[in-house]
Amino acid sequence: MASEPNQPKDRTHVFQPPKGTRDFYPLELARRRWIEDKWRKTAVRHGFDEIDGPTFEHLDLYTVKSGEGIVSELFSFTRQGGDKQYALRPEFTPTLARMAAARANSLPKPTKWFSICPYFRAENPQRGRLREFLQWNVDVIGDDSPQADADCIATCAGLLESVGLTPAQVKLKVSSRTAVAELIRAAGVPQDYTDAALVLLDKRAKLDRDEFCKQAATIQLDIAAFDRKAGDLASVASIESLQALIKNIGLTDWCGIDLSIVRGLAYYTGAVFEVHETTGAERAIAGGGRYDNLIELFGGPPTPAVGFAMGDVVLALVLQDKGLMPKDDEIAADLGLRPDVFVIPTTETEHLMQPLVARLRREGLHARHTYKSTRNVGKLLKEAGNANARFALILESDTVCSLKNLDTNEQTDSVPMSEALERIAPPPRPG
RNA sequence: GCGAUCGUAGCUCAGUUGGUUAGAGCACCAGGUUGUGAUCCUGGGGGUCGGGGGUUCGAGUCCCCUCGAUCGCCCCA
């Protein structure tokens, strides 16, 4: 198709990344990989298998659950000349429910799945919210026991611990929709208004007192009675069993019962939880709960399920707030990206550099060399240090070199090449 | 979708009531010091001043529009 050459080009639009998206240069990508690595290892350690699905789905998949109103929050599109409507996925749960429904008869019980993938939402970016972001989804399918709830909670807490957070810094607030619904009924709300009451309670912290009371009155919610009951947790049966489970798996430091957590979404049916920074400085780090009706809604047999999601944006902000994001060279070491050896030639041996590097790489070492023209050893050692290499190999002849351990400053002068290679290998295998 | 603040080199920023060829530090590249990560010295490459339009003899600077960022509202799977 011919382009229009004469129109003024909106070059800003073309050459800047789209609103709410990120470019990942090597350092940024390393930090992202570090988070993904923590997510993946934590999930695997807790017995979950990794899955993924399409990055875009039929638009209907999202409107079935959330209604047409969701469309304005989606990036949706049709093919040129086609009429099927698609949308970039804004969340994983519909895909998960679809996948689980498709194989419902052959899946083991419970089925424990996790995923790490990008999501897209057409919202205005602000702190902790972008239009493209990563999310870690962890779900237990086909198990309606509180044990499955606890499995999710333990995995979530395990992640918090593995990135260096402490119970003083973050809190995993556990609640139960069924318990809160009981309290709502006990506080005078008619059955028909239960959902409205849950929505109102979800907004409670954001509303001022008068406005909240006013709205509570319209659904006959007796706030004083509700708070009195909520204060007496032991009276609520489903809370009691949750508390027992948390204690049983040793997570009392991390978790607390907090009945103000009800989650905004209508599809949660039982336990719900959120992770918050204790100072309240950032938005929720993670959230989830039990959704026993959803898989049936997507064409599967009635199947209980529970899960949660954690996004990369807020997690990274919290880690930065707390000074817990490791230094870039520590991340590189963690991910196994450190060069094993950096080869430094002299004027006499520069023709030997390329063959040696090729040989080192054939032997499985991560080998780098200088591209500079200077043969000043001091400058090249600095370059080796900047590359974060474990060893610098100063090439003296085709059979002799000096090997300097860049971490300890120990140097072996003029040793046979074979001895140097033995000292370099084997590379450490990270975690 | 709405509002506020902001946008000059890769990064942090300076740039006078509008006035010559837009600067500094760090980073990067190269050279110097007899081959050991420092410090230092010298030189260099880098900028459509986010983009477009307007006012003016003259715009990084003033005006309008637009794109983006940050923070908030709505929403938050």
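Naming: A, B, ... by sequence-line order, numbering from 1 per chain.
- Rounded to a whole Å, the NZ atom of A/K382 is 9 Å from the P atom of B/rC29.
- Checked against ring pair (Phe, Tyr, Trp, His ring centres under 6.0 Å), A/Y25 has no partners two or more places apart in sequence or in another chain.
- Taking atom C1' in both B/rG60 and B/rU56, the straight-line distance is 16 Å, to the nearest Å.
- Salt bridge present: A/R129 and A/E123 bring a charged side-chain N and a carboxylate O closer than 4.0 Å.
- The A/Q126 side chain lies nearest to B/rC74 when the options are B/rC76, B/rG35, B/rC74.
- Closest to the side chain of A/N386, out of B/rU36, B/rC28, B/rG31, is B/rC28.
- At a cut-off of 3.5 Å, with distance as the only test, no side-chain donor of A/T346 or A/E396 sits close to an acceptor on the other residue.
- Of the candidates A/K322, A/K173, A/R283, A/E277 forms a salt bridge (Lys or Arg N to Asp or Glu O under 4.0 Å) with just one, namely A/K322.
- A heavy-atom distance below 4.0 Å to RNA chain B is reached by these residues of residues 128-135 of chain A, ordered by number: A/R129.
- A/Y267 and A/T93 get closest at one heavy-atom pair: OH-OG1, 4.1 Å.
- Closest-nucleotide positions on RNA chain B for A/E123 and A/K19 were compared, and the one nearer the 5' end corresponds to A/K19.
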- Query: What do the steps show when you test A/T42 against A/R45 for side-chain hydrogen bond (donor to acceptor under 3.5 Å, both in side chains), and what is the final call?
  - Reply: CA-CA 5 Å; A/T42 301; A/R45 182 152 36 93; 3.3 Å; yes

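- To the nearest whole angstrom, the two P atoms, one in B/rG31 and one in B/rU12, are 30 Å apart.
- A/E274 and A/R263 are joined by a salt bridge, as a carboxylate oxygen and a charged side-chain nitrogen come within less than 4.0 angstrom of each other.
- Paired regions of RNA chain B, where each region holds three or more successive Watson-Crick or G-U pairs whose two hydrogen-bonding distances fall under 3.5 Å, are B:1-7 with B:67-73, B:10-13 with B:23-26, B:28-32 with B:40-44, B:50-54 with B:62-66.
- When the nearest nucleotides of RNA chain B are assigned to A/S402 and A/N124 by heavy-atom distance, the more 5′-ward of the two goes with A/N124.
- Taking the six-membered ring for Trp and the full ring otherwise, A/H58 and A/Y86 have centroids separated by under 6.0 Å.
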